[in-house]
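These notes concern the structure reproduced below.
Below, all heavy atoms of this structure are taken into account, side chains as well, without hydrogens, waters or symmetry copies. Each chain gets a letter, A, B and so on, in the order its sequence line appears, and its residues count up from 1.
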Amino acid sequence: MSTSGQPQFRYTQTPSKVLHLRNLPWECTEEELIDLCRPFGKIVNTKCNVGANRNQAFVEFADLNQAISMVSYFASSSEPAQVRGKTVYIQYSNRHEIVNNKSPGDVPGNVLLVTIEGVEAGDVSIDVIHLVFSAFGFVHKIATFEKAAGFQALIQFTDSETASSARNALDGRSIPRYLLPEHVGSCHLRISYSAHTDLNIKFQSHRSRDYTNPYLPVNPTAIEGIVQPALGPDGKKKEPESNVLLASIENMQYAVTVDVLHTVFSAFGTVQKIAIFEKNGGMQALVQYPDVTTAAVAKDALEGHCIYDGGYCKLHLSYSRHTDLNVKAHSDRSRDYTVPESGLLAVQQASGLAAAPTVWQNPQASPMFPGNEYAAAAAMQAQVSAGQVPSWDPTMQAGRQTFVSVPSTFPGQTFPGSSVPAYATAATPGASPHAQTSQMTPGVASMRMNQPALQSNVRPGGSSPGGQPPYYGQ
DNA sequence: AGCACA
């Protein structure tokens with residue numbers, strides 16, 4: 001192996017339509033780069049701020065001859081190539097195309113996604129973050145959260161120019177030591193752009209702030225130092241009740257889709273919204289009912305039971321801190337049943353249930369969250385605990401079905417004497433068998449859906465469900 | 001002033 005450590009520079013370089021530019025001024029912008037290169041041809045790609053000093057760049061021309069013309073021009077010119085008065089050295093790159101130029105996080109926006117490496121959430125207060133980023137302009141909102149990647153913050157500026165200046169100045173830098181606790185070692189900021197334009201901050205808390213709205217209520221449970229979970233009679237932590245249940249699914253041998261969950265949870269009342277997300281390699285879901293009472297009944301009835309026989313897809317339920325999920329109306333990871341849908345609408349109206357378009361609070365919730373599930377989730381409800389951050393993956397949209405059938409071929413799925421479809425459809429929110437909930441007690445092997453009601457409804461997808469009712473074994 | 005990204 002060559003271990004000299006000295007790069008072997010080639011003095012005769014193979015022409016490439018990609019040019020390597022050095023000695024650029026600090027944080028040279030793409031615009032400055034393009035201004036320099038544009039006279040020689042069509043620029044199809046760039047990569048700026050490359051190298052340890054971020055003073056190198058690559059430019060890719062559409063045509064090799066254009067690159068050659070630029071190199072040739074400056075090779076024979078008495079005036080060197082310059083940016084901001086600095087001489088720029090140009091040579092052919094040793095690669096022939098620029099790859100992976102712009103990840104989603106490189107597309108500028110007014111909201112930054114900041115990962116603070118090497119710290120825990122408690123080490124960097126939101127006030128410190130605010131202080132650091134306010135140097136570049138008015139910070140509108142901040143939402144912080146913890147993810148596998150570390151402690152992260154979404155920081156909303158007025159515009160992408162302000163956000164860019166903050167990013168350019170702070171990316172890769174560290175928060176000044178005097179702002180941090182003693183025990184914190186290095187703490188580098190990794191900054192990219194979020195796809196968000198406006199964060200949805202519900203409370204002022206130690207996790208989230210909205211500096212544009214001083215009257216926003218303070219979330220008492222989210223204030224640092226006041227977090228003291230209520231204790232139940234048995235002395236165990238008692239989580240506050242909620243109309244939204246957090247379901248974690250254990251031993252998930254089979255697919256658990258939004259539709260499966262809707263079927264299961266509709267047995268206890270109208271399911272308004274569902275969001276499925278991954279957590280620590282497992283699967284969790286948030287299920288929203290209209291009221292706490294219904295959620296409580298569902299929680300008690302379903303806790304510890306399995307969706308499928310054989311101990312598969314065992315449910316564990318707790319109350320979420322959410323009260324109103326902000327989810328895509330139709331995706332394979334989430335569903336908002338309060339949003340009228342063609343086909344559904346007719347059924348709902350026919351059954352006397354007003355399809356209330358006013359309930360659709362978040363027409364903006366659908367747009368792209370390119371892979372930034374943490375970001376999307378954070379904005380969903382900024383004060384949410386890290387353990388309950390829903391996410392969804394809009395990239396999965398392409399292959400989604402409107403209604404996915406419950407698989408009908410689960411081994412060991414016993415349901416004696418029943419061939420009744422397991423479907424509670426999105427069209428049957430009113431068909432929920434409250435009257436039956438008393439039967440839905442643990443220990444009962446089969447906890448059936450309201451079968452007549454279910455059968456009376458036609459699924460929008462039109463296909464005949466081949467599945468059997470979910471089985472709630474112990 | 002000397003080649004990114006995963």
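With sequence neighbours left out, the side chain to side chain donor-acceptor pair (under 3.5 Å) criterion links A:Ser248 to no other residue. When the side chain to side chain donor-acceptor pair (under 3.5 Å) test is applied to A:Ser242, no partner is found at least two apart in sequence or on another chain. Taking the side chain to side chain donor-acceptor pair (under 3.5 Å) definition, one finds that A:Glu250 meets it with A:His316, sequence neighbours left out. Every residue two or more places apart in sequence or in another chain that forms a salt bridge (charged side-chain N to carboxylate O under 4.0 Å, His left out) with A:Glu117 is listed here: A:Arg190. A:Asn213 meets the side chain to side chain contact (heavy atoms under 4.5 Å, CB included) test with A:Asp210, A:Tyr215, A:Leu216; sequence neighbours excluded.
Aromatic pair A:Phe157/A:Phe138: ring centres not closer than 6.0 Å.
Protein atom CD1 of A:Ile90 is 14 Å distant from nucleotide atom C1' of B:dG2, rounded to whole Å. The nearest whole Å value for the distance from the CZ atom in A:Arg95 to the P atom in B:dG2 is 16 Å. Rounded to whole Å, atom C1' of B:dC3 lies 12 Å from atom CG of A:Leu19. Distance, A:Asn49 CG to B:dC3 C1': 15 Å, rounded to whole Å. Atom CD of A:Gln13 and atom C1' of B:dG2 are 9 Å apart (whole Å). Between A:Lys47 atom NZ and B:dA6 atom C1' the separation is 11 Å, expressed in whole Å. For the pair A:Asp106 CG and B:dC5 P, the computed distance is 10 Å after rounding to whole Å. In this structure, A:Glu30 places its CD atom 19 Å from P of B:dA4, rounding to the nearest Å.
Along DNA chain B, the nucleotide nearest A:Val50 and the nucleotide nearest A:Tyr89 are compared for position; the residue whose nucleotide lies closer to the 5' end is A:Tyr89. Ranked by how close their nearest DNA chain B nucleotide is to the 5' end, A:Lys86 and A:Glu97 are led by A:Lys86.
A heavy atom closer than 4.0 Å to some atom of DNA chain B occurs in A:Gln56, A:Phe58, these being the qualifying members of residues 53-75 of chain A.
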